[in-house]
K.L.:
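Submitted below is the structure of interest, expressed as C-alpha cells.
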Amino acid sequence: MKPPPFQYAAPTSVAEAVELLAAHADDDARTLAGGQSLVPLMNFRLAQPGYLVDLGRIEELTRIRTDGDTLVIGAMVRQSDAEHAPEVALRAPLLAEALGYVAHPPVRNSGTVGGSIAHADPAAELPAVALALDAELVVVGPQGTRTVRAADFFVGPFATAIEAGEILTEVRFPRRDGGQSFVEFARTHGNFALVGVASVIETDGATIARASIAMSGVAPVPVRATAAEETLAGSAPDDASIRAAVDAAVAGLSPSGDAHGSAETRTDIARSYLRRGIELALTRAQDRR
Amino acid sequence: MQRHEVTLTVNGRTSTVSVEPRKLLVDVLREDLGLSGAHIGCEHGVCGTCTVLRDGRSIRSCTTFAVQVDGAEIRTVEGLADGAELHPLQDEFWDKQGLQCGFCTPGMLMRACEIVEQKPDVSREEVREGIASNLCRCTGYQFITDAVCAAAARMHSGSSETSGAQA
Amino acid sequence: MTTTDRPAAPPVRTHKEDRTWVGRSIRRVEDPKFLRGRGGYIGDMTVPGMLYAAVLRSPHAHAVIAGIDVVEALAAPGVHAVITGEQAAELCDPLPDFGPNPAAHTWRCLAVDKVRYVGEGVAVVVADSRYLAEDALALIEVEYEPLPAVVDPERALEDGAPLVHDDLGSNCAYERTFDFGDVERDFAEADVIVTDRLRWHRSGGQPLETVGAVADFDHATGALTVHTNSLSFTSYLFMVAGTMKIPANKLDIRPVPAGGSFGSKLFATKPAVIAGMCSRQVGRPVQYLEDRVDNMSNCDHHGSDRVYDVRLAVMRDGTIRGVDIDTVEDYGAYIQFGVGHHGNALAQVVGPYAMTSVRYRVRAALTNKNQQGAYRGFGSEVNNWMLEQMVDKAARELDLDPVELRRRNFIREFPHFIPTGNVYDSGDYDAVLDKALELSEYKRWRIEQAKAREEGRCIGIGLITAQERSVFSATEFWFWFDEPGAPVTSMPESVTLKVDATGGITATLYSCAFWGNSPETMVAQLVAEEFDCDPHDVSIVYQGSKNGLPATGPGGSRTTVMLAGAVEGATAKIKAKALRAAAHLLEANPDDLEWVDGGYQVKGVPEQRKSLADIAVMLHLFKHSFPEDMESGLEDSKVFDHPYTTMPSADRTDLGVFYPFMGHACHVPVVEVDLETGSVSFLAYAAVHDCGTLVNPRSLAGHIVGGTAQGIGTALYEEFVYDDDGQLLTSSFLDYLIPSAMEVPELRIAHHETPSPYTLHGIKGGGEGGRMMAPAAINVAVNDALAHLGVRVTELPITPDRLRAAIRAAESARGRE
C-alpha cells in the first residue's frame, strides 16, 4: 500500500498555487491539504494524481479571523486548531462540536477545515456544518475569486463546485444566533458516521423563530432537512413540534444502504438522531436566552 | 523521478534526506533514518501504530508525505528514554503490562505522551477517549489506561518512583 | 460411557506449596525492547541487497485466468522478477495442507488456471523497493473470464452450485455424523426439546502487524534461510521444504517476534514460501510482508463461519440430557486445517454441564472466500456461544432462573469424561459462579434492570458459564477419518537449559519466538522457581528450525503448560548432574544432599554447601576434578511430549483424550441497548476465570481483557462481509471495525485456581479465554435486554442493522397482534 509516483511543489502563495495547477493541468494536478483523505486514497492507489500542489506552506490560508459578524477560517487551518480556537467556540460552536467527531486527534492535527469540505465525503461532518450554517466557500482560480454558497457547493459524492484549477481558500461562517448542536451516530468512536445532524435553532419567546438543520450520511451529498425546518419555524418548542419535524424530515429521506446499515436502518437512525440534535439545539437556545 | 531534499529534526538531531515526494514519513523514518520504532500497521491512517509527534502534536506518519513535514521537529519512541532511564510512560507501561505484542506500543506511547503533556491532570476517562485514536489488538486497553494514568500522576507530581512496583 | 476401556491417566502430582516466583505478577522480561521501539519485527529487518516482493491480488471471486501479460511489468524500473501462478507451480509444490483431500482442493502460493476468491494472489513482483514493486503490479495485465461465485455455505452444498474445486466434484469437503452416548434415548425421554437456528459470521485475528518473511536462498549451498513471524508447528516445517522442493535439512526457519497473532500466524507458510521462491529466483534476499489489504483478504486465517441447527433435550426440572448439533461451516476456498475447529468444539461440546449424549453432524462447505485458519478459540468459542444461547433459551422456555439452570447441571466430580471421550481434569464451577455473582454485583444489577425497564430503558445481564480447553493434542486433526493420512499423537515442546561457568542460566526455546504472549517471562519464572534465581537474570534465546528440537509453538493455549513440562524435565537432568558434582566436591553421599536456595548442601549442615555457580564453574573448567564418565559443561534439553493423549475408538464413538486441561470461566456483561439505533453499550463487565495455578496473574488478566475485547469485536463489530458476488466489502480498517478504547469497557477480573492434577504446579492454559466467553455472554445480555419485547438475536455480530431489523420485526409482530 504505497502511493504511486507524482511530482510535487509547495508554493507559498495562493497565486503561485493557482499558477502551478494551471501549468500542470495535463498531469492531473491536484491540491494537497492535510492529506488525511487523499493520502490513504493514494496508498490504496484509488487516487493517482500526477502532480500535487501542497497548500501547507501558504501562510495566508492558515488564519482564523473575523470579518464583521462573519467568522472566516482559512482553508488550511488544521482541524484541531479550529476545534480549540476561542473565536470558533464563540461564533460557531456547531463547528467546534462537529470537529470533535472528525476521526481522532492525530488525524485532526493534520487534517484541515478546507480539506474536509473540499473532499465532500457525504458522511463527513464539516460539509453538513457548512450547509447548516449557510457558509460561503471562497474559491480562487485563474479567473479570480468567487464565492459559492454551501447550498450550491456540494454537487455529488466527493464532488464540489470547485472547478479544475481552482483552490478553496476560505470558509466564511455568517453569525448565527440561537442554539447549535452537532450529533452523529458512528459504529465505533471516530469512525465515519452513518448519520450526522447539524442543527441551529433560534427561539423567539414561546416559539421557534428559525431552524437550520443539515444531515450527513443520508444522501449522496449533505442535505438540508427543509421539511423539518419549515415545520419547526413558528411552532412551539415542545415534543410535539419536534416529533412533527422529525417525521417531516424522515419522510423525505431515501438513504442508500451499505455493509454498515440498510436504507431502513439508516432511516431509523436518522429519525433518532434528528430528534436528539433538535432537542439539544433547542435546549441550548433556551439556555442562551 | 524528481527527488526533494527534506530536512527533519528527529529527537533533537537534524538530518537531510533526499526522497521521492511520494515517500511516506514512516518509511523515511524507518528506512532513511534507521528509526524502526514507528510501525506500519494499516497504511490508511486508522490503526495508529505509526503515530509520531510533529512539532509536539501527534500525527499519522503513514498518511503524511515526508516532503510535507520538511523543517519540522519530529519525536519518535526512540526519543523517549534518556539513555538507560526509561520515560515514566515507558516505565509504567512495563509495570502495568500495558503491552503484549508491543507492536502498537511506540504509537501508543507517543499518543500518550501528547495527552499527558497537553493535560498533566488528565482524567482516566480522558485517557480512554484520548487513546481511542490508536488500536491495540492485545490488551483491551485497560492496562494501557492504567499505565498512562500512573505515568501522568508521576509526571504531574514530579516523582520518579514507580507508582506500583511489582518487581 | 462406563463401558469404554480407557487408558490410565497420567499420575496425579503433588504440587509445590511454597512457590517463590510462580504466581507473581513480575514485569515481563520481553518488554524493554518493545518499549524502546526496538522490537526487531520482520519489517524492521534489513539485509544487504534485500529486495521487496508484492503480490497481485485477484479482483474477482471466481474466474478463469485466461492469460497474464507481464512484459510491461518486467520492464518497469527496479523490477527484478515477475512470477505468475503458472510459473510458481513449476517452482514450488502445493502448500502444506492438513485438509481432507488436498489432491482435490489443491492450494498453492499463487493461483493457477483460476482464482477462487477476491484477494487470491495471481502473480508476484520482486523489485528494489515496495513502492516500485507496487508500481509494477499495476502494469501486469490479467485476462479473467469471470465465473459465477458461491458465497453462502448452504447454497454451496446444493446441487448445481458453482464448484470451487472442479476436481472435488462438490463443494462439500467433509461430512460426518457422530453419536456419543445414547442420543435417541435422551431425546425420547426429554420433557422439552429446545431448538434453534444460529448464525456466526466470520471475523479474524487481524493482528496490527501483518505476516511476513525475509528469505535468503544461497545457490552455493542450496540452503534457504527464512526469517519469519510465523513459526508455530515447528515440527512440521519439513513440509515447507517439501513445498520449496529442497531437502528438509537445507531449510532453516528462524523466528522473529510477531506483532500479534491470535492464531492467525499459527502456520502461515504462504508468505515464507513466496519470499523463498522469489529469493531463489533472483539470487538475493527478498522480503515479502503483507500489507493490510493482503492480510484482510488473503491471510488464510479468517475465523469460524457457521450455521447451526441445534436441539437440546431438557427435563422439566432443568436437567439437560443431550444436545444434537447440525452445523455447516463455511471454510472458504481451501481447508488447510481440515475440520480441526470442530475437534476444538468437541473437546468441550457439553460445556460445564453433565449431559450424557451428543450428536454432532458437521459439513464443511467450500465457497469463494478467503479460507479459514486459526483465530483465538479455534472453533471452540463458537461452540460456547451456541451452547450458552441454547441453555439460555431453555431457561426461558422452562421459566427457570438462568443461573440456577446452569448450576443444576454443573459437573462436580473430576476427572470427568464427557460423552465425546475428552476428559475434564479438574474444576470447581460453583466456586467460579459464586465469585462471579459477587464480583458482578449480579443481584444489584437485576434490581437496576427492573428500575430501568420502568423508565423504558433496556438493560440486559448476560451471565454465562463456559469451558476454556487448553493444551491440544494433534488427534483432533485426524480422528475425523477412519484411515487418517498421517496420524500423529504428540505435539511436543522443547527447552534447553544451559548453566554457564558463572552460574548464569540461558534457556533456549524452539517454537514461535513470541507473538504477544509471554513465553520468555513464563520460562524465566519457571526457571527461577526451579533454580532460586531472579527471573530477570535468566537469559532467553530462540533457535531456528534447522538446529531445533521438536516443538509446536503457541496454539490451543498450550505454551505455558508445555514449556513448564520441558523446563521441569531439563531442570531435572541438570540438577541430577549438579547433585552428583556437588556430592563429589563435598565428598558426600548424594542422598545426604538437598537443594536449598540455589545450591546443594548437606542436610542439616548448611555450611557444607556448593552453590550452582560453584558447581558450574567446576563442571565447565575443571573436568578432571570429576569422575571419568562426567562430561564437561552443565547443559541439557527436554523434549516434552503431550502429557495426556489417548487414542480414539475404532468406530469413533469415543474420540479419546485430546484436550485434557480444562479451564472454566463465568462472564457477566451488563449492556444497554439503544432501541432506536440498535447499538449496544456496556454498563459493567465482570469475568472470573479458572485456569489452574497462575504463573503471572497480571499477564493472564491481560489476556482476559484483551481476549474479551476481541470477543466484543466478534459480538458487535467485526465481520468480513462478502456480497453476493463474492466481493469483500470490509477490506480495510475503515469497514472492518476493531474495537477502540471507547468500545471496550473496564473489566472487573477475578481468578479462581483449581490446579490441574497432571501438570507442573497445576498450570492450565489461559490464552484464549476472553474471546471464548465474551461473544456468548454479550449475546445473552442483549437477548436479556430485549426479551420483554419479544426480540431474540441469533446472529453475530449484533450490528445496529441486525438489531434494528429484529426490533422492527418484533414491533410489526406486536402490531399484528
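When reading the values below, keep in mind they use all heavy atoms of this one structure, side chains included, and skip hydrogens, waters and symmetry mates. All values derive from a computational prediction rather than experimental measurement. Here is how names work: the chains are called A, B, and so on, in the same order as the sequence lines, proteins then strands, and each is numbered from 1.
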K.L.:
Who among A:Pro4, A:Ala103, A:Ala10, A:Gly190 has the most heavy-atom pairs with chain B under 4.5 Å?
P.N.:
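Winner by heavy-atom pair count: A:Pro4.
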
K.L.:
State the CD-CG distance between B:Glu114 and A:Asn109, to the nearest 0.5 angstrom.
P.N.:
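If I round to the nearest 0.5 Å, the distance is 5.0 Å.
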
K.L.:
Answer with side chain, backbone, both or neither: which region of B:Val69 has an atom nearer than 4.5 Å to a non-hydrogen atom of chain A?
P.N.:
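Backbone of B:Val69 only, per the 4.5 Å heavy-atom cut-off to chain A.
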
K.L.:
Quick one: are A:Asn191 and B:Val46 in side-chain contact, heavy atoms under 4.5 Å?
P.N.:
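No, side chains not in contact.
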
K.L.:
Drop me the distance from B:Ile40's CD1 to A:Met1's CE, to the nearest 0.5 angstrom.
P.N.:
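Atom-to-atom, B:Ile40:CD1 and A:Met1:CE are 10.5 Å apart.
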
K.L.:
Using heavy-atom distances under 4.5 Å, tell me whether B:Ile59 contacts chain A through its side chain, its backbone, both, or neither.
P.N.:
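Contact with chain A: backbone and side chain both.
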
K.L.:
Within the 4.5 Å heavy-atom criterion, are A:Arg57 and B:Asp70 side-chain neighbours or not?
P.N.:
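Contact flag for A:Arg57/B:Asp70 side chains = yes.
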
K.L.:
By a 4.5 Å heavy-atom criterion (distance strictly below it), what part of A:Leu41 contacts chain B: side chain, backbone, both, or neither?
P.N.:
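No part of A:Leu41 comes within 4.5 Å of chain B.
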
K.L.:
With a 3.5 Å cut-off and no angle check, do the side chains of A:Ser80 and B:Arg57 form a donor-acceptor pair?
P.N.:
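There is such a pair (donor and acceptor under 3.5 Å, judged by atom type) between the side chains of A:Ser80 and B:Arg57.
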
K.L.:
So for atom CG, which belongs to B:Asp121, do other residues, nucleotides or ligands contribute more than 12 heavy atoms lying within a distance under 6.0 Å?
P.N.:
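Atom CG in B:Asp121 is crowded, with more than 12 foreign heavy atoms closer than 6.0 Å.
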
K.L.:
Tell me the closest heavy-atom pair linking A:Val39 and B:Cys62, and the distance in Å.
P.N.:
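What the structure gives for the nearest pair is CG1-O, 4.1 Å.
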
K.L.:
When rounded to the nearest 0.5 angstrom, what distance separates CE in A:Met42 from OG1 in B:Thr63?
P.N.:
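If I round to the nearest 0.5 Å, the distance is 12.0 Å.
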
K.L.:
Please check this pair: side chain of B:Arg22 against backbone of A:Pro3, looking for a donor-acceptor N/O pair closer than 3.5 Å.
P.N.:
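Present.
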
K.L.:
Considering all heavy atoms of both residues, which atom of B:Ala132 and which atom of A:His104 are nearest to each other, and what is their separation?
P.N.:
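Result for this residue pair: O-CE1, 3.2 Å.
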
K.L.:
Could you check whether atom OH of A:Tyr101 has more than 12 heavy atoms from other residues, nucleotides or ligands sitting under 6.0 Å from it?
P.N.:
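Atom OH in A:Tyr101 is packed in, count exceeds 12.
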
K.L.:
Supply the atom-to-atom distance A:His189 NE2 to B:Arg128 CZ, rounded to the nearest 0.5 angstrom.
P.N.:
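It is 12.0 Å, given to the nearest 0.5 Å.
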
K.L.:
Using the ring of each side chain (for Trp, its six-membered ring), is A:Tyr8 parallel, tilted or perpendicular to B:His4, with breaks at 30° and 60°?
P.N.:
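Geometry flag for B:His4 against A:Tyr8: perpendicular rings.
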
K.L.:
Specify which of A:Pro40, A:Gly34, A:Gly35 makes the most heavy-atom pairs with chain B at under 4.5 Å.
P.N.:
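The residue among A:Pro40, A:Gly34, A:Gly35 with the greatest pair count is A:Pro40.
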
K.L.:
Should A:Ser110 and B:Arg54 count as side-chain neighbours, where that means a heavy-atom distance under 4.5 Å?
P.N.:
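Sidechains of B:Arg54 and A:Ser110: in contact.
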
K.L.:
Out of curiosity, B:Glu20 CD to A:Lys2 NZ, how far, rounded to the nearest 0.5 Å?
P.N.:
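Nearest 0.5 Å value for the CD-NZ distance: 12.0 Å.
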
K.L.:
Give the minimum heavy-atom separation between B:Gln68 and A:Ala33, together with the two atoms involved.
P.N.:
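Of all heavy-atom pairs spanning B:Gln68 and A:Ala33, the closest is NE2-O, 3.6 Å.
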
K.L.:
Check each atom of A:Leu32 against the heavy atoms of chain B and say whether the ones under 4.5 Å are side chain, backbone, both or neither.
P.N.:
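Side chain only.
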
K.L.:
By a 4.5 Å heavy-atom criterion (distance strictly below it), what part of A:Asp54 contacts chain B: side chain, backbone, both, or neither?
P.N.:
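Only the side chain of A:Asp54 comes within 4.5 Å of chain B.
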
K.L.:
Roughly how far apart are B:His44 NE2 and A:Asn43 CG, rounded to 0.5 Å?
P.N.:
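Reported value, rounded in 0.5 Å steps: 9.5 Å.
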
